[in-house]
Amino acid sequence: MGEIKMNTFHKNTVLTAILVSVLSLSCGTSEKKSEGEKIIEKSIEASGGENYVNAEIDFTFRNRRYKSKRNGDIFRLERIVKDSAGNTTHDVLSNEGLKRFVNSKAATVPDSMVTRISDGVNSVHYFVQVPFVLNSPAANKELLGEGEVEGETYYEVKVTFREEGGGTDFEDEFLYWIHKENFTVDYLAYRFFTNDGGIRFRKALNPRVVEGIRFVDYQNYKAKEFSTPLRDLDSLYEAGKLEFFSDIQTENISVSINKNN
């Protein structure tokens with residue numbers, strides 16, 4: 001994903017990551033975990049943990065309504081848009097793929113539009129559900145070291161994706177600044193290659209917990225040089241050398257946890 005102007009990101013990975021995150025949380029693994037994996041797992045636990053697994057999340061983003069629902073390994077991601085003429089377009093992504101409804105009637109989606117529509121739904125849900133979506137076997141999680149941002153100390157965890165299972169944008173790379181004490185993701189950065197490519201740096205704002213799940217908004221910045229190392233972005237941000245790009249706000253959040261599963 002990207003901003004709003006959202007450059008696409010994790011076109012096919014998001015659905016896989018969400019499904020695998022559920023399975024990883026519920027089943028665990030006997031394999032030896034890297035330090036990066038351990039830190040990501042602690043971050044997921046600090047931000048909601050098991051509450052994600054059977055959660056129904058409803059929110060508004062840029063005047064569009066989004067809903068997600070999970071029941072174990074079954075999931076459903078939705079986007080509901082009403083235009084100026086009063087028509088409602090309802091896109092649904094699930095284990096079965098993409099479906100579109102216009103004014104409650106099923107609509108045919110041209111093959112050329114499936115990826116684009118899926119991207120639009122995926123990208124918004126993805127960032128709302130960080131760090132939960134990072135627990136994917138296609139993700140390589142590497143602890144690069146530690147750094148200080150605005151007086152706080154963070155683990156710097158790099159996340160890349162393997163080609164197999166990593167989606168069409170597997171070459172994109174990400175860096176997460178995870179607080180050393182409370183394990184929250186307070187900053188993140190990513191380099192993407194679609195739409196001429198670019199680099200973004202996000203600062204998490206307005207953290208709040210709804211039914212045990214942590215949500216944040218973001219200030220979104222961009223770097224001028226595509227070759228800029230992601231690890232330099234925190235310093236460039238503090239020096240005022242990144243260009244402000246957009247505010248990203250998640251509103252009207254409601255969460256329901258199905259505790260019967």
Inset, instruction - Classify the side-chain pair Lys180/Tyr155 by whether it contains a donor and acceptor separated by less than 3.5 Å. - result: no

Inset, instruction - Examine the side chains of Tyr218 and Gln249 and answer whether a donor and an acceptor come within less than 3.5 Å of each other. - result: no

Inset, instruction - Could you tell me whether the side chains of Tyr154 and Glu156 share a donor-acceptor contact shorter than 3.5 Å? - result: no

Inset, instruction - Return the set of residues passing side-chain hydrogen bond (donor to acceptor under 3.5 Å, both in side chains) with Lys241 (not counting sequence neighbours), or none when no residue passes. - result: none

Inset, instruction - Treat each ILVMFWY residue as a node, draw an edge where side-chain heavy atoms are under 4.5 Å apart, and state whether Leu77 and Met113 are in one component. - result: yes

Inset, instruction - Report yes or no: is the cationic atom of Arg191 (NZ for Lys, CZ for Arg) under 6.0 Å from the centre of the six-membered ring of Phe174, at an angle within 45° of the ring normal? - result: no

Legend entry - Lys NZ or Arg CZ of Arg202 over Tyr237 ring: under 6.0 Å, within 45°: no

Legend entry - Candidate list Arg79, Arg64, Lys69, Arg65, test salt bridge (Lys or Arg N to Asp or Glu O under 4.0 Å), partner Asp58, passing option: Arg65

Inset, instruction - Answer whether the closest heavy-atom distance between the side chains of Leu93 and Arg76 falls below 4.5 Å. - result: no

Legend entry - From Thr60 atom OG1 to Tyr66 atom OH, the distance as rounded to the nearest 0.5 Å: 10.0 Å

Inset, instruction - Kindly work out whether a path of hydrophobic side-chain contacts (I/L/V/M/F/W/Y, heavy atoms less than 4.5 Å apart) joins Phe183 to Val133. - result: yes

Inset, instruction - Spell out, yes or no, whether Tyr176 and Leu143 are grouped together once hydrophobic residues are joined by side-chain heavy atoms under 4.5 Å, including indirect joins. - result: yes

Legend entry - Between OG1 on residue Thr88 and CG on residue Asn103, distance to nearest 0.5 Å: 5.5 Å

Inset, instruction - Verify the cluster assignment for Tyr221 and Ile248: are they in a single hydrophobic cluster under the rule of side-chain heavy atoms below 4.5 Å apart? - result: no

Inset, instruction - Verify salt bridge (Lys or Arg N to Asp or Glu O under 4.0 Å) between Asp186 and Arg214, making sure each step is shown before the conclusion. - result: CA-CA 12 Å; Asp186 293 346; Arg214 182 177 186 265; 3.6 Å; yes

